Amino acid sequence: MRPLLVALLGYTLLFTACKRGNEKCEINPEVAKVAAPVQLERLEQPFFKIRNEADAKQFLAQHRLFADQFLQRRQYPSEAILANTLTRLATNAGLQKLARETETEFKDTNKLQGELKQFFQHVRYYFPSFRVPPVKTFISGLSQDMFVNDSLMVVGLDFFVGPKASYRPNVPDYILRRYTPAHLMPTAALAVSSKYNQHQLTNQTMLGEMVQYGKSLYFAEKTLPCTPDSVLMGYTAKELEGLEFNEGKVWAHFIEKNLLYNTAPFTIQKYVGERPNVPEIDKTCPGRVGAWIGWQIVRKYMTEHPNVTLAQLMAEKNPQRILSESHYRPRKKS
C-alpha cells in the first residue's frame with residue numbers, strides 16, 4: 001500500500017427530535033444518559049500553518065498517533081521526507097483553496113461534536129464496552145474519506161463539502177452524491193459497524209453478502225435513528241420510493257434467477273457492488289440493490305425476534321438462519 005500522502009499529491013491539484021423519512025423520530029432517553037465524551041480536534045487548522053520543514057516536524061511531534069496511523073509515518077524512509085511532503089501539501093494553493101471551502105462548510109465544530117457524541121452514545125448503548133476513539137478532522141486531499149480503528153477516527157472533511165467545492169472526489173456521479181455534509185455520519189456509522197459485523201469467511205454467497213451489508217445498514221439505522229433511509233443508503237428519494245413499491249418484484253428476481261446461493265464474485269458484485277443501476281432487474285433499479293434487500297431481510301428478522309439485541313445480530317454469522325427466521329416474503333404489487 002502506498003503511503004497516504006503519496007496518494008494525496010495526486011489529488012491536490014485537481015439532535016433530540018428529528019425525522020426518519022416523514023416520521024418524527026425521538027431519541028431514546030436512556031441513550032441520552034450514556035457517557036460518550038468526544039475528543040474532537042480540527043487538525044486541518046494547525047496543518048495549514050506549516051510553512052517549512054521545521055513546522056512540519058513540529059506538527060508530527062505534536063500529533064504522533066495521527067502521524068503513525070493515518071499518515072503512515074513508518075512507510076517513509078525518514079521523517080525529513082515526510083516533513084517535506086507535508087510542507088508541499090500545506091503550501092499548495094489548490095489544497096489551501098479546498099481547505100477554505102471546507103472550513104466554511106464545517107465551521108461549526110460544536111455541531112459536528114454534538115453529532116459525533118450522539119452517535120457514540122448510541123454505539124455505547126448497544127455495545128457498552130465500546131471505547132470512543134479520539135476524532136481528528138483533516139483535509140485528506142480527497143485521498144481517504146474515513147479512517148477508523150479502536151484508537152483513532154480521522155474524518156476527511158474535504159470529501160463531504162458537497163457540490164460547491166472546487167475539487168471533488170474523482171468518482172462517478174452516483175457515488176459522488178453520497179459525499180455531502182448529510183452523508184458524513186452515515187459513512188462513519190458504516191465504518192464503525194465493521195468492528196462488530198461478523199460473517200462467514202468461506203463459502204461466500206450472494207445471500208451472505210446481502211445479509212452482511214444489511215447488518216451494517218441496520219447498525220447505522222439504530223445508531224443514527226433520525227437519519228432518513230435514503231441518506232443511509234445513498235439513494236435519491238425517487239430511487240428509494242421505487243424500490244419500496246417494487247420490493248416484491250425485486251425479491252422475485254433473486255428467487256427466479258436462483259441468485260441467493262450463487263458464489264460467482266462477478267455475479268455477486270452486479271447486485272451488491274457499485275453500479276449506476278442494475279439493468280438485469282430494470283434500468284431504473286439502482287445499484288447495490290442486493291444490499292438494500294439484505295437490509296430489509298435483517299429488519300424483518302429483528303421484527304420477528306424482538307428479544308435479539310443489536311450485538312447478537314451483528315455476531316450472527318449464518319445468513320441462512322437470518323433469512324429463514326425472518327420469514328421475509330414481500331409480495332409483488334400490481
Side-chain angles (χ1 to χ4, degrees), residues 1-14 37-113 116 131-162 164-171 176 179 181 184 187-188 191-192:
M1 180 183 295
R2 292 181 302 168
L4 172 68
L5 289 176
V6 174
L8 265 171
L9 283 169
Y11 285 98
T12 53
L13 295 179
L14 306 171
V38 177
Q39 302 175 42
L40 174 62
E41 188 174 10
R42 303 289 298 267
L43 290 189
E44 64 272 17
Q45 296 168 355
F47 175 73
F48 282 100
K49 292 181 180 178
I50 292 174
R51 292 292 177 267
N52 51 50
E53 183 179 333
D55 291 344
K57 287 184 175 180
Q58 183 178 19
F59 177 86
L60 292 169
Q62 292 174 341
H63 307 287
R64 293 186 179 278
L65 180 65
F66 175 81
D68 289 342
Q69 297 195 15
F70 188 73
L71 300 182
Q72 303 175 40
R73 184 204 320 240
R74 292 182 179 85
Q75 293 197 29
Y76 288 84
S78 69
E79 185 165 284
I81 292 176
L82 175 55
N84 283 327
T85 302
L86 286 174
T87 303
R88 291 198 304 272
L89 288 167
T91 56
N92 180 276
L95 196 57
Q96 289 176 340
K97 180 178 181 181
L98 182 57
R100 291 191 295 272
E101 294 168 345
T102 304
E103 173 62 25
T104 298
E105 185 62 46
F106 293 101
K107 59 185 175 183
D108 190 346
T109 300
N110 290 333
K111 180 177 181 291
L112 178 58
Q113 185 156 11
L116 286 164
R131 296 178 61 182
V132 178
V135 181
K136 317 292 184 182
T137 63
F138 193 60
I139 305 300
S140 75
L142 300 176
S143 176
Q144 188 166 3
D145 55 2
M146 192 74 56
F147 173 92
V148 182
N149 63 21
D150 289 342
S151 57
L152 179 67
M153 172 183 281
V154 179
V155 181
L157 287 180
D158 47 338
F159 267 86
F160 301 96
V161 177
K164 296 180 181 179
S166 297
Y167 305 99
R168 301 205 69 197
N170 185 24
V171 295
L176 192 61
Y179 285 120
L184 189 158
T187 302
V192 172

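When a residue number appears, it is its place in the shown sequence, counting from 1. Just so it is clear, the values below take in all heavy atoms, side chains as well, and ignore hydrogens, waters and symmetry mates. None of the values given here were measured: they were computed from a predicted structure.
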Any donor-acceptor pair under 3.5 Å from [X] side chain to [Y] backbone:
X	Y	result
Glu105	Gly162	no
Glu41	Val135	no
Asp55	Arg51	yes

For a 4.5 angstrom cut-off between non-hydrogen side-chain atoms, does [X] reach [Y]?
X	Y	result
His63	Leu43	yes
Val155	Phe147	no
Leu142	Leu98	yes
Phe106	Thr102	yes
Arg131	Asp150	no
Leu176	Pro169	yes
Ser166	Glu101	yes
Val161	Leu157	no

Measuring from atom [atom1] of [X] to atom [atom2] of [Y], what distance do you get when rounded to the nearest 0.5 angstrom?
X	Y	atom1	atom2	answer
Phe59	Arg64	CZ	CZ	12.5 Å
Ile50	Arg88	CD1	CZ	12.5 Å
Asn110	Leu40	CG	CG	9.0 Å
Lys107	Arg42	NZ	CZ	12.0 Å
Phe47	Gln96	CZ	CD	9.5 Å
Lys97	Leu95	NZ	CG	12.5 Å

Consider salt bridge (charged side-chain N to carboxylate O under 4.0 Å, His left out). Of Arg73, Lys57, Arg74, which one does Glu79 pass it with?
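The option that passes is Arg73.
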Mind checking whether Phe159 and Tyr179 have parallel, tilted or perpendicular rings, split at 30° and 60°?
tilted
For [X] and [Y], which heavy atoms make the closest approach, and how far apart are they?
X	Y	answer
Ser151	Leu65	O-CD2, 3.5 Å
Gln45	Lys49	O-CG, 3.5 Å
Thr85	Tyr76	OG1-CE2, 4.3 Å
Asp158	Gly141	OD2-N, 2.8 Å
Ala90	Phe48	O-CD2, 3.5 Å
Leu184	Met146	O-CE, 3.8 Å

Worked verdict on Met153 versus Val192 for side chain to side chain contact (heavy atoms under 4.5 Å, CB included)
CA-CA 9 Å; Met153 172 183 281; Val192 172; 4.0 Å; yes
Criterion ring-ring contact (aromatic ring centres under 6.0 Å, His included) on Phe138 and Phe66, from CA distance to verdict:
CA-CA 10 Å; Phe138 193 60; Phe66 175 81; 4.9 Å; yes
Within 6.0 Å of CD in Gln39, more than 12 heavy atoms from elsewhere:
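No, not enclosed.
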